[in-house]
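Data block below; observations after.
Start at 1 and go down the list; that is how both ligands and their atoms are numbered.
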Amino acid sequence: MTELFDLTGKVALVTGGTHGIGMAIGKTLGKAGAKICVNDLSEEKLAECKEEYKKDGIDVFTVKFNVTSEEEVDFGISEIEKNVGDIDILVNNAGIIKRIPILDMPIADYKQVIDVDLVAPLIVSKRVAPKMIAKRYGKIINMCSMMSVYGRNSVSAYASAKGGLKLLTANMCCEWAKYNVQINGIGPGYIATSQTAPIREGGHPFNDLVMMRTPAARWGEPEDIGNAALFLSSKAADFVNGQVLYVDGGILANFGYVKGENDL
Ligand code: GCO
């Protein structure tokens with residue numbers, strides 16, 4: 001059974017894999033045998049993450065490129081192809097969020113979030129997919145979100161992008177599944193990362209909402225997402241396509257409950 005999840009010999013790119021969920025995905029796929037490549041905008045973050053990956057015995061290949069630039073993406077992927085090999089597993093993880101009420105949000109800010117969270121996965125996938133199609137093998141994982149199906153105050157740009165990414169994932173499936181390329185999304189619930197720190201730490205009331213809405217009664221850990229990425233990257237998911245796997249502790253299944261009701 002373990003060979004189902006063996007990624008030995010596979011080349012994986014995790015965009016934004018220098019920290020948080022991306023690093024957890026990179027480490028999990030690396031421990032399963034994949035050769036891990038990550039990009040970032042910051043040379044400093046790339047250098048720092050090498051040390052972190054090394055603690056887990058992973059010799060990560062790092063390359064600096066901006067996922068929103070077609071030219072830089074072509075350079076970055078070419079560097080990976082030259083130094084590591086053609087990409088077998090692509091995790092479009094890099095993303096940003098801006099928590100600004102709609103009426104207060106400059107259009108430029110909205111467009112920036114769309115560019116990073118929706119257009120960039122398209123740019124990187126368009127550069128990587130042709131070789132996956134040619135070799136009749138590939139796994140693409142798009143980092144969607146609970147906000148692919150839910151809105152909430154102040155995250156309109158992020159939810160717009162993640163909603164679009166859910167359907168871009170479906171369309172990639174429609175066009176590329178026949179070439180044995182599996183394209184799926186992962187929809188994290190509320191995960192304890194630097195991105196959620198502002199609404200989780202210091203007694204923030206949002207923490208109470210998450211605890212009330214999450215049947216598992218905890219924040220998720222980045223490793224919870226890494227494990228889902230391992231499944232979708234493995235042979236075990238060869239017939240899973242166009243789906244979003246929500247890793248949310250049950251939030252999307254839960255309308256909510258009165259505190260103390262049904263507590264065992
Ligand atoms: C927020 C959070 C969410 C989570 C995650 C949920 O502000 O509501 O940042 O967006 O990070 O994306 O799937």
Run through all N or O atoms in ligand 1 and write down each protein N or O closer than 3.5 Å, as a pair with its distance.
residue	atom	partner	partner atom	Å
ligand 1	7 (O)	R99	NE	2.7
ligand 1	7 (O)	R99	NH2	3.3
ligand 1	7 (O)	R152	NH2	2.8
ligand 1	8 (O)	R152	NE	2.6
ligand 1	8 (O)	R152	NH2	3.3
ligand 1	8 (O)	Y190	OH	2.8
ligand 1	9 (O)	R99	NH2	2.7
ligand 1	9 (O)	Q195	OE1	2.9
ligand 1	11 (O)	Q195	OE1	2.6
ligand 1	12 (O)	S145	OG	3.0
ligand 1	12 (O)	Y158	OH	2.7
ligand 1	13 (O)	S145	OG	2.7
ligand 1	13 (O)	M146	N	2.9
ligand 1	13 (O)	P188	O	2.4

Heavy-atom side-chain proximity of I191 to T196 below 4.5 angstrom: no

Before accepting this row, confirm whether a basic side-chain N of the pair E52/K55 lies closer than 4.0 Å to the acidic partner's carboxylate O. yes

Are [X] and [Y] linked by a side-chain donor-acceptor pair shorter than 3.5 Å?
X: T193; Y: R200; result: no
X: N83; Y: E81; result: no
X: T169; Y: N142; result: yes

Please work out which of the three classes, parallel, tilted or perpendicular, describes the rings of F231 and F5, given edges at 30° and 60°. tilted

